[in-house]
Amino acid sequence: MASTTLRTHRCGALSRADVGSKVRLGGWIHRRRDLGGIVFLDLRDRDGLVQLACNPLWTPAAALTLAASVGVESVVLVEGEVTLRDEPGRDPKLASREVEVRVSRLRMVGAAATPAIPVARREGEELAAEELRLQYRVLDLRRPELQANLIMRHHLLQRARRTLSDLGFLEIETPILTKPTPEGARDFLVPSRVHPGECYALPQSPQIYKQLLMMSGFDRYFQIARCFRDEDLRADRQPEFTQIDLEASFVAEADVLAVVEAVLRDQWAEAGHLVAVPFPHLTHREAMERFGIDKPDLRFGLEITDLSDRVGPGAAPFVHDALPRNGRLRGIVAEDTALSRKEIDSLADAAKSAGAGGLLWARFEDAGWEGQGVKAFGPELLAQTVVPSGAMLLAVVGADAMTSPALHAVRTRLAQRPGIIFPGRHAFAWIVDFPLFEQDQSTGEWVFTHHPFTSPHPDDIEFLETEPWRCRALHYDAVYNGNELGSGSIRITDPVIQATVFRFLGISAEEQRNRFGFLLDALASGAPPHGGFALGFDRIAMLLAGASSLRDVIAFPKTTAARALFEGAPITVSAKDLAALHLRTLGKETG
RNA sequence: GGGGCUGUAGCUCAGCUUGGUUAGAGUGCCGCACUGUCACUGCGGAGGUCGCGGGUUCGAGCCCCGUCAGCCCCGCCA
């Protein structure tokens, strides 16, 4: 497959089996070792490295001269014979380390300027600054680590297509130029030249289109969909990203989950990991109660417990004061942890930066409870708390909205201690029964937790008109080792329920028509029950590649300021180009 | 929108605590030597707007203010 007019093999593909054969290779000079009379070159391509041996015994003088002067990262074409090496190369990962190519012809085809950032690093040498890696992305992408990441990404994509196609899903593309959506994330807008003052938006997800496809009878749809959101970035968030997007008709929640489990099981298998299905289920309420977060890391315990009803008269006044005001005393028992004072401070910092006023702690020793929190907890609580010697009680008092994130932060920090998380564990879980609506912390307004097409839980329909905040949703998240991999839901197909949801959210009938008229009409034209899911593919690739940033599994990523350093986007456009789009800029100071 | 960290040779970093002679190291690059290396080795050499702008000072890589860029986090991400 690697054979072309110019070459017979890839460098890294050569092995013992090729000994004795004449080969032609093309690749990049990775390193040069010039010993005077003889020269060794490491030649690299996407399969790996092979050593080229240039020796006057078999290499013509001109080729030897070139070998002695060729710069690293230059592209050469080589002819020679594969021979067994007396001593194999030292890199045990290289399949080609047992052989070398005795060079009989060498031709420079792509001379390289001295690389601005190193491709071949010395042992233990740090990577160049990420800014430079992104600026010289062509060089950075030559590094074997990034080559491996993108090759794995390819295999994962092909596997996702195969899994879903085998399950009867049809890959259907949806538009990139779409209609702006006023809620949700900020849209990237594309001004129309033909229609002055009007804009398209790039899709935040193919959500509505895939539902329309269900109304059209396509039954099972999927797409490897590029999505765009104009929000501030993180290590695990890019302005454009890839989802494995799917939707199916005549399904209930369990059907969608089974499909997604198959996709995830196969993705992990593609990366060499066997994972068991089905995944355990956890309700949203339970996840928040036991782990303080809706994407708990289930690789370890350290669960949160409610200590409120153990609080006795001897507890500190501020604990008593907090309890009647919707507050609870919640904590984590950490067993057998000889935490230093510094580590405890670090846990307290974690709790504080998550919004807690402070972290209460007490340690149980042979002599009894000791620590800063003993007085706060009071004797009654401590007497009822039976723990092994050396264990520690870490707690926070207040409203759940504060204690949950604080204790999640403490739990996560505790798990960084060695021995808490066994490496190689794959803790998948479904989080189900999310609330349909949640209250905006700053404005107090009710907003949808997921999106307004998510179906209420059938058991809670009765509350929709009277106590909508009690409604659970047929919404589910896939969680892996504390990461959200994706989410989905069963959609509303009853126009009456859809109108009720819109009304509760304060969207008028007129607004409903303007924004979602096409969807409402489609629902009224014969809608099958349907639901679906979207998996964050970049994040999956990142986790399976063992990368710490999305940028290491995307060929040309943006910076945290959403700039493309390699090609230099975005740029200021000319007044003429703006005029063609009927636009004028306000300038930086007023913008 | 807010907070934190970083910015010194092509690259990775030291120097800043306590302002003071000519800003150092490793690597890469260039030159010379070297016939079995694999992070080749040895010798020599070149290479610096100390991110940018302003200020304090007799004097600023170092102190102060601003600004730009990258990274991390909060807000945000239906």
Side-chain angles (χ1 to χ4, degrees), chain A residues 30-42 49-59 64 68-69 71-73 83 85-91 94 96-97 100 102 113-136 139-140 181-187 204-205 207-208 227-239 241 349-350 352-355 405 409 434 436-438 440-442 446-454 473 475 484 487 489 501 505 507 515-516 534 536 548-549 551 558-563 565:
Chain A
H30 191 67
R31 266 191 253 272
R32 187 181 72 215
R33 291 178 293 278
D34 181 354
L35 274 65
I38 63 171
V39 180
F40 295 99
L41 301 170
D42 289 337
L49 299 174
V50 73
Q51 173 164 284
L52 307 178
C54 304
N55 187 310
L57 294 175
W58 53 77
T59 308
L64 206 55
S69 64
V72 293
E73 296 312 315
T83 57
R85 290 169 61 163
D86 297 337
E87 206 180 327
R90 288 181 191 170
D91 186 349
L94 282 178
S96 51
R97 71 195 189 106
E100 66 181 12
R102 294 188 165 183
T114 301
I117 58 171
V119 176
R121 282 181 299 154
R122 299 173 74 88
E123 227 167 80
E125 186 180 347
E126 293 290 324
L127 281 177
E130 187 147 23
E131 186 175 357
L132 295 168
R133 290 177 46 208
L134 293 174
Q135 195 176 334
Y136 302 100
L139 292 172
D140 197 39
T181 48
E183 58 287 298
R186 273 187 288 269
D187 285 319
Q204 295 180 28
S205 92
Q207 182 60 37
I208 293 178
C227 305
F228 307 85
R229 290 178 192 171
D230 190 5
E231 295 291 348
D232 290 343
L233 308 180
R234 292 282 191 283
D236 62 351
R237 233 154 63 189
Q238 283 273 307
F241 57 99
D349 286 345
K352 282 177 194 164
S353 63
F434 276 73
L436 191 57
F437 306 107
E438 59 190 12
D440 187 304
Q441 291 290 337
S442 51
W446 287 97
V447 294
F448 35 84
T449 305
H450 188 41
H451 59 59
F453 320 117
T454 301
H475 170 167
E484 183 192 328
S487 62
S489 63
V501 168
L505 295 170
I507 302 174
R515 292 188 196 175
F516 308 114
S548 55
S549 163
R551 294 182 294 273
K558 305 286 190 288
T559 68
T560 46
R563 285 193 178 277
L565 295 184

Practice prompt. State which of B:rC40, B:rC38, B:rC77 makes the closest approach to the side chain of A:Arg90.
Written response: B:rC38
Discussion item. Any base atoms under 4.0 Å from A:Leu127, or only sugar-phosphate, or nothing? Heavy atoms, all strands.
Written reply: sugar-phosphate
Item to complete: Grab the CG-C1' distance between A:Asp34 and B:rC32 for me, whole Å please.
Response: 12 Å
Worksheet item: Taking the side chain of A:Asp232 as its heavy atoms from C-beta onward, which of B:rG75, B:rG28, B:rC72 lies nearest to it?
Response: B:rG75
Discussion item. Under 4.0 Å, heavy atoms only, any strand: does A:Leu132 hit a base, just the sugar-phosphate, or nothing?
Written reply: sugar-phosphate
Discussion item. Assess whether a salt bridge exists between A:Glu231 and A:Arg237, defined as any Lys/Arg side-chain N lying under 4.0 Å from an Asp/Glu carboxylate O.
Written reply: no
Item to complete: Give A:Ala120 one of three labels, base, sugar-phosphate or nothing, depending on what nucleic acid heavy atoms sit under 4.0 Å from its own.
Response: nothing
Worksheet item: For B:rG7, what is the paired nucleotide under Watson-Crick or G-U wobble rules, both distances under 3.5 Å?
Response: B:rC68
Worksheet item: Base, sugar-phosphate alone, or nothing: which one does A:Asn55 contact when heavy atoms must sit under 4.0 Å apart?
Response: base
Worksheet item: Rounded to whole angstrom units, what separation is found between the NE2 atom of A:His30 and the C1' atom of B:rG28?
Response: 14 Å
Worksheet item: Are A:Asp86 and A:Glu100 close enough that some pair of their side-chain heavy atoms sits under 4.5 Å apart?
Response: no
Worksheet item: In Å, rounded to the nearest 0.5 Å, how long is the span from CZ of A:Arg563 to CG of A:Leu134?
Response: 13.0 Å
Discussion item. Taking A:Arg186 first and then A:Asp230, would you say they form a salt bridge - that is, a charged N and a carboxylate O separated by under 4.0 Å?
Written reply: no
Practice prompt. Using whole Å, report how far OH of A:Tyr136 lies from C1' of B:rG10.
Written response: 8 Å
Practice prompt. Quick one: label A:Arg133 by what it contacts on the DNA or RNA (base, sugar-phosphate, nothing), any heavy atom closer than 4.0 Å.
Written response: nothing
Discussion item. With rounding to the closest Å, how many angstrom separate the C1' atoms on B:rG48 and B:rU8?
Written reply: 8 Å
Discussion item. Please pick, from B:rG36, B:rC71, B:rC38, the nucleotide with the shortest atom-to-atom distance to any side-chain atom of A:Glu100.
Written reply: B:rG36
Response to the item:
Winner on side-chain proximity to A:Trp58, out of B:rG36, B:rG70, B:rA39, is B:rG36
Worksheet item: Which part of the nucleic acid does A:Asp91 contact within heavy-atom distance under 4.0 Å: base, sugar-phosphate only, or nothing?
Response: nothing
Practice prompt. Classify the nucleic acid contact of A:Arg85 as base, sugar-phosphate or nothing, counting any heavy atom under 4.0 Å across all strands shown.
Written response: base
Item to complete: Could you pick out which residue, A:Leu35 or A:Val72, lies toward the 5' side of RNA chain B when each is mapped onto its nearest nucleotide?
Response: A:Val72
Worksheet item: Can you check the A:Leu64 CG to B:rC34 C1' distance for me, whole Å?
Response: 13 Å
Worksheet item: Hey, does the side-chain of A:Arg32 have a donor or acceptor N/O within less than 3.5 Å of a partner on the base of B:rC38?
Response: no
Discussion item. Given B:rG28, B:rC76, B:rU12, identify the nucleotide with an atom nearest to the side chain of A:Glu231.
Written reply: B:rC76
Practice prompt. Can you tell me, in whole Å, how much space there is between the P of B:rA14 and that of B:rA9?
Written response: 12 Å
Worksheet item: What integer distance in Å separates A:Arg122:CZ from B:rC38:P?
Response: 11 Å
Worksheet item: Any donor-acceptor pair under 3.5 Å between the side chain of A:Glu87 and the base of B:rU37?
Response: no
Practice prompt. Tell me the partner of B:rU56, counting only Watson-Crick (N1-N3 plus N6-O4 or O6-N4) or G-U wobble (N1-O2 and O6-N3) with both under 3.5 Å; none if nothing fits.
Written response: none
Worksheet item: Within this structure, what is the CG-to-C1' distance between A:Leu233 and B:rG75, rounded to whole angstrom?
Response: 14 Å
Worksheet item: Quick one: A:Arg234 CZ to B:rG1 C1', roughly how many Å, whole number?
Response: 12 Å
Worksheet item: Any donor-acceptor pair under 3.5 Å between the side chain of A:Arg31 and the base of B:rC38?
Response: no
Response to the item:
When rounded to whole Å, the NZ to P distance for the pair A:Lys352 and B:rG4 reads 17 Å
Discussion item. Donor-acceptor pair, distance only, cut-off 3.5 Å: does the side chain of A:Gln238 make one with the backbone of A:Lys558?
Written reply: yes
Fill in: Whole-Å P distance, B:rC72 and B:rG26
32 Å
Discussion item. B:rC73, OP1 or OP2 - any side-chain N/O from A:Arg237 closer than 4.0 Å?
Written reply: no
Worksheet item: How is A:Arg121 classified with respect to the nucleic acid when contacts are heavy atoms under 4.0 Å: base, sugar-phosphate, or nothing?
Response: nothing
Item to complete: Please work out if A:Glu126 contacts a base, only the sugar-phosphate, or nothing of the nucleic acid, heavy-atom cut-off 4.0 Å.
Response: sugar-phosphate
Response to the item:
Of A:Ala53 and A:Glu131, the one whose closest nucleotide on RNA chain B sits nearer the 5' end is A:Ala53
Practice prompt. Quick one: label A:Ser205 by what it contacts on the DNA or RNA (base, sugar-phosphate, nothing), any heavy atom closer than 4.0 Å.
Written response: base
Worksheet entry | Proximal nucleotide (of B:rG70, B:rG75, B:rG36) relative to the A:Arg563 side chain | B:rG70
Worksheet item: Taking the same atom, P, in B:rC13 and in B:rU57, what whole-Å distance lies between them?
Response: 36 Å
Fill in: Counter-base of B:rG36, judged by Watson-Crick or G-U geometry with both distances under 3.5 Å
none
Discussion item. If you only use heavy atoms from C-beta on, which nucleotide in B:rG36, B:rG70, B:rC71 is closest to the side chain of A:Thr560?
Written reply: B:rC71
Discussion item. What contact category does A:Thr559 fall into here, base, sugar-phosphate, or nothing, at under 4.0 angstrom with non-hydrogen atoms?
Written reply: sugar-phosphate
Discussion item. Nearest to the side chain of A:Phe40, heavy atoms from C-beta on, is which of B:rG10, B:rC40, B:rG36?
Written reply: B:rG36
Fill in: A:Glu130 side, atom CD; A:Thr559 side, atom OG1 - distance, nearest 0.5 Å
9.5 Å
Fill in: Nearest-angstrom distance, P atom, B:rG54 to B:rG28
38 Å
Discussion item. I'd like the C1' distance from B:rC16 over to B:rU6, given in whole Å.
Written reply: 14 Å
Fill in: Of the listed nucleotides B:rC77, B:rC40, B:rG36, the one nearest the side chain of A:Arg102
B:rG36
Item to complete: When you get a sec, tell me which of B:rC72, B:rG36, B:rC11 is the closest nucleotide to the side chain of A:Ala235?
Response: B:rC72
Worksheet item: With both distances under 3.5 Å as the test, what is the Watson-Crick or G-U wobble partner of B:rU49?
Response: none
Worksheet item: Judged by atom type as modelled, is there a donor-acceptor pair below 3.5 Å linking the side chain of A:Gln204 to the main-chain atoms of A:Ala185?
Response: yes
Worksheet item: When you compare B:rG61 with B:rU21, how far apart are their C1' atoms, in angstrom units rounded to a whole number?
Response: 16 Å
Worksheet item: Can you tell me how far the CZ atom of A:Arg121 sits from the CD atom of A:Glu126, to the nearest 0.5 Å?
Response: 8.0 Å
Fill in: Euclidean distance, A:Asp34 CG relative to A:Leu64 CG, rounded to 0.5 Å
8.5 Å
Worksheet item: Is A:Gln207 touching bases, backbone alone, or none of the nucleic acid, heavy atoms closer than 4.0 Å?
Response: base
Worksheet item: Roughly how far, to the nearest 0.5 Å, is the CZ atom of A:Phe453 from the CD1 atom of A:Ile208?
Response: 4.0 Å
Discussion item. If I pick the C1' atom on B:rA39 and the same atom on B:rG1, what distance separates them, to the nearest angstrom?
Written reply: 48 Å
Practice prompt. With heavy atoms under 4.0 Å as the rule, sort A:Glu73 into base, sugar-phosphate or nothing.
Written response: nothing
